Asker: 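Okay, here's the structure, questions in a sec.
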Amino acid sequence: MKIKSIIVAALVALLAATAIFAKDNPKAATYKTYEVPTDSTTRDKSVPIVYFIRDISPEALVKVYKATGYKASGKTGVKVSTGESENSNYLRPSLIKNLVKDELNATIVECNTAYGGGRSNNIDHMKIARDHGFLDVANGFDLQDADGYMTIPVKGGERLTENYVGSHFKNYDTYLILSHFKGHAMGGFGGAIKNLSIGFASGMSVEKSGKVQIHSGGNRTKGSIMGQQDAFLESMAEAAKSVCDYMSGGKGIVCVNVMNRISVDCDCDSNPAEPDMHDIGILASLDPVALDQACVDLIYTAKDGGSVVERIESRNGLHTLEHAEKIGFGSRNYHLVEIK
């Protein structure tokens, strides 16, 4: 599909505290152009804010997290992907340590995979987490499905009625969903919604695999992860919603997406394609749908984003966002605020 011209002047000339983002590709976005008023009392508070910083550094990560106003309390888990191999483009521990350990004193949490590989069981996954340095940058590391699974309800779903997550999921008061935004071989793209859904879902090592259920569009909980494409995308949105609903209507969740080393392939790929576009920055929001939509829009805006755009469209990846909004999980409309 030929991508129509995208207006980027406003994004390039942003003011310190406000941002306007506009584009005319109807497939990529359903929102209008917004300005964030200086006086917060005049802002349409029904439209979520997505905060954006161009710098990608430990200090910038802390800064954009704090901009959300979110206050972690109690026991905090940080959901990351540990990466399938050293070749994967997972978020490096050196980037996240300041936020995860120094600022939040949080535990990094993960679940095993459902496709084999080096993270499909407790022993091998812990070894990878150690080898990749995640045990050194947090107040502990927790494989949440190491002792089995728990069930949480899916409200308003069309594919799922319940979601199977790691049994340790209930042990945390608040979560930071810290995602590397990139392409994905099955979903088109992977960001906050993927991390909330597949990321928290139990793996193949337990009796009922939430990952298999999501991939199969709700048809099974063991066996092959293959299924009908749109059913998979819709199941991702529904599973992510169930996680946020469980955590006090999303009040126990804040999401941050890092847009660096943006390959067309996921960090679950041990030999991903080399990125062929520039790093963009870090975005954060209390609304994971708005956050992923903003990241997608920045990909469509980028002059060198063609490979990732093709990956998104070839997998109908935008349908995840469409379905999420349809079932009442977040908004594709957003205010984009750049932090200098």
Side-chain angles (χ1 to χ4, degrees), residues 7-23 28-56 59-73 78-79 99 103-104 174-181 189 191-193 195-196 237 240-241 243-245 247-259 280-301 318 320-322 324-325 328-340:
I7 304 171
V8 296
L11 188 58
V12 175
L14 293 170
L15 296 175
T18 66
I20 306 171
F21 184 72
K23 64 209 298 302
T30 59
Y31 60 89
K32 300 176 182 178
T33 302
Y34 289 101
E35 293 184 30
V36 180
T38 303
D39 180 0
S40 62
T41 62
T42 65
R43 181 178 66 83
D44 182 355
K45 294 182 180 180
S46 67
V47 179
I49 294 178
V50 176
Y51 296 92
F52 170 51
I53 191 166
R54 297 176 188 273
D55 182 27
I56 301 176
E59 296 75 19
L61 189 60
V62 172
K63 193 171 186 179
V64 74
Y65 160 78
K66 287 185 173 181
T68 66
Y70 183 84
K71 301 293 183 183
S73 61
V78 177
K79 176 65 188 70
L99 177 58
E103 182 71 27
L104 300 177
T174 52
Y175 281 107
L176 164 63
I177 312 304
L178 183 53
S179 310
H180 174 224
F181 191 91
F189 70 89
I193 292 176
N195 208 3
L196 282 162
K241 181 178 184 295
V243 168
C244 288
D245 287 345
M247 296 299 295
S248 302
K251 294 180 182 178
I253 297 235
V254 62
C255 300
V256 178
N257 285 356
V258 181
M259 300 187 75
I280 293 177
I282 308 174
L283 294 88
S285 182
L286 301 179
D287 186 322
V289 179
L291 177 61
D292 277 358
Q293 181 69 66
C295 291
V296 165
D297 293 333
L298 287 169
I299 296 292
Y300 272 78
T301 298
L318 297 172
T320 302
L321 299 171
E322 294 167 349
E325 190 171 58
F329 175 40
S331 170
R332 296 179 72 193
N333 292 341
Y334 60 89
H335 295 297
L336 186 67
V337 177
E338 182 174 20
I339 302 167
K340 296 294 185 180

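All figures in this text were calculated on a predicted structure; none of them were measured in a lab. Side chains are part of it too, since the values below use all heavy atoms of this structure and drop only hydrogens, waters and symmetry mates.
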Asker: With no hydrogens and no angle check, is any side-chain donor or acceptor of Thr174 less than 3.5 Å from a backbone partner on Ser73?
Answerer: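 Such a contact is found between Thr174 side chain and Ser73 backbone.
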Asker: Between the side chain of Glu325 and the main-chain N/O of Arg332, is any donor-acceptor distance below 3.5 Å?
Answerer: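 It does hold such a pair.
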Asker: Can you see which heavy atom on Leu291 is nearest to which on Val256, and at what distance?
Answerer: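 Shortest heavy-atom contact: CD2-N, 4.0 Å.
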Asker: Under the rule for salt bridge (Lys or Arg N to Asp or Glu O under 4.0 Å), what residues qualify as partners of Glu103, not counting sequence neighbours?
Answerer: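 So Glu103 forms a salt bridge (Lys or Arg N to Asp or Glu O under 4.0 Å) with Lys66.
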Asker: Would you say that Phe52 contacts Val337 through its side chain, given a criterion of any heavy-atom pair below 4.5 Å between the two side chains?
Answerer: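 Of all side-chain heavy-atom pairs linking Val337 with Phe52, none is under 4.5 Å.
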Asker: Rounded to the nearest 0.5 Å, how far does CD1 of Ile253 lie from CG of Leu176?
Answerer: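 Reported to 0.5 Å precision, the distance equals 9.5 Å.
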Asker: Contact between Leu104 and Leu99 at the side-chain level, heavy atoms closer than 4.5 Å - yes or no?
Answerer: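 Leu104 vs Leu99: side chains touch.
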Asker: Under the rule for ring pair (Phe, Tyr, Trp, His ring centres under 6.0 Å), what residues qualify as partners of Phe181, not counting sequence neighbours?
Answerer: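 In terms of ring pair (Phe, Tyr, Trp, His ring centres under 6.0 Å), with neighbours along the sequence ignored, Phe181 is linked to Phe189.
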Asker: So which atom in Ala192 and which in Ile177 form the shortest heavy-atom distance, rounded to 0.1 Å?
Answerer: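 Heavy atoms only, the tightest pair is O-CG2, 4.1 Å.
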Asker: Do you know which two heavy atoms are closest between Val64 and Ala284, and how far apart they sit?
Answerer: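 Here Val64 and Ala284 meet closest at O-CB, 3.8 Å.
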Asker: With sequence neighbours left out, what residues match Asn195 under side-chain hydrogen bond (donor to acceptor under 3.5 Å, both in side chains)?
Answerer: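 Asn195 satisfies side-chain hydrogen bond (donor to acceptor under 3.5 Å, both in side chains) with Lys79, Ser179 only.
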Asker: Between Asp292 (side chain) and Ile193 (backbone), is there a donor-acceptor pair under 3.5 Å?
Answerer: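 The answer is yes, because a donor-acceptor pair under 3.5 Å joins these two groups.
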Asker: Just by modelled atom types, is the Lys340 backbone N or O under 3.5 Å from a matching donor or acceptor in the Lys63 side chain?
Answerer: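 Yes, because the side chain of Lys63 sits within donor-acceptor range (under 3.5 Å) of the backbone of Lys340.
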Asker: Please name the residue in the list Leu283, Ile282, Ile56 that meets the side chain to side chain contact (heavy atoms under 4.5 Å, CB included) test with Met259.
Answerer: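 Among Leu283, Ile282, Ile56, the one meeting side chain to side chain contact (heavy atoms under 4.5 Å, CB included) with Met259 is Leu283.
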Asker: Do you know which two heavy atoms are closest between Ser285 and Val254, and how far apart they sit?
Answerer: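 Heavy atoms of Ser285 and Val254 come nearest at O-CG2, 3.9 Å.
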Asker: Please report the closest heavy-atom contact between Val50 and Ala294, naming both atoms and the distance.
Answerer: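 Nearest pair, atom of Val50 first, then Ala294: CG1-CB, 3.9 Å.
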Asker: So do the side chains of Val78 and Tyr175 get within less than 4.5 Å of each other, counting heavy atoms only?
Answerer: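 When only atoms from C-beta onward are counted, Tyr175 and Val78 do not touch, as no gap falls below 4.5 Å.
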Asker: Among all residues two or more places apart in sequence or in another chain, which pass the side chain to side chain contact (heavy atoms under 4.5 Å, CB included) test with Ala237?
Answerer: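 For Ala237 the side chain to side chain contact (heavy atoms under 4.5 Å, CB included) partners, ignoring immediate neighbours, are Thr320, His323, Ala324.
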Asker: Report the distance from atom CG of Leu298 to atom CG of Leu336, rounding to the nearest 0.5 Å.
Answerer: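 It comes to 6.5 Å.
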Asker: How many angstroms lie between atom SG of Cys244 and atom CZ of Phe329, to the nearest 0.5 angstrom?
Answerer: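 So the gap between those two atoms works out to 4.0 Å.
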Asker: List for me each residue that meets side-chain hydrogen bond (donor to acceptor under 3.5 Å, both in side chains) alongside Ser331, sequence neighbours excluded, and say none if there are none.
Answerer: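 Listed in chain order: nothing, the list is empty.
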Asker: Between Leu321 and Gln293, what is the shortest heavy-atom contact and its length?
Answerer: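 Nearest pair, atom of Leu321 first, then Gln293: CD1-OE1, 3.5 Å.
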Asker: Checking Leu61 against Leu178 for the side-chain contact (heavy atoms from CB on, under 4.5 Å) test, could you report, in this order, the C-alpha distance in whole Å, the side-chain angles of both residues, the deciding distance, and whether it holds?
Answerer: CA-CA 10 Å; Leu61 189 60; Leu178 183 53; 4.1 Å; yes
Asker: Given Ile299 and Ile280, is the side-chain contact (heavy atoms from CB on, under 4.5 Å) satisfied, shown in steps?
Answerer: CA-CA 9 Å; Ile299 296 292; Ile280 293 177; 4.2 Å; yes
Asker: Looking at residues at least two apart in the chain, or sitting in another chain, which of them share a side-chain hydrogen bond (donor to acceptor under 3.5 Å, both in side chains) with Tyr51?
Answerer: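 Tyr51 satisfies side-chain hydrogen bond (donor to acceptor under 3.5 Å, both in side chains) with no other residue.
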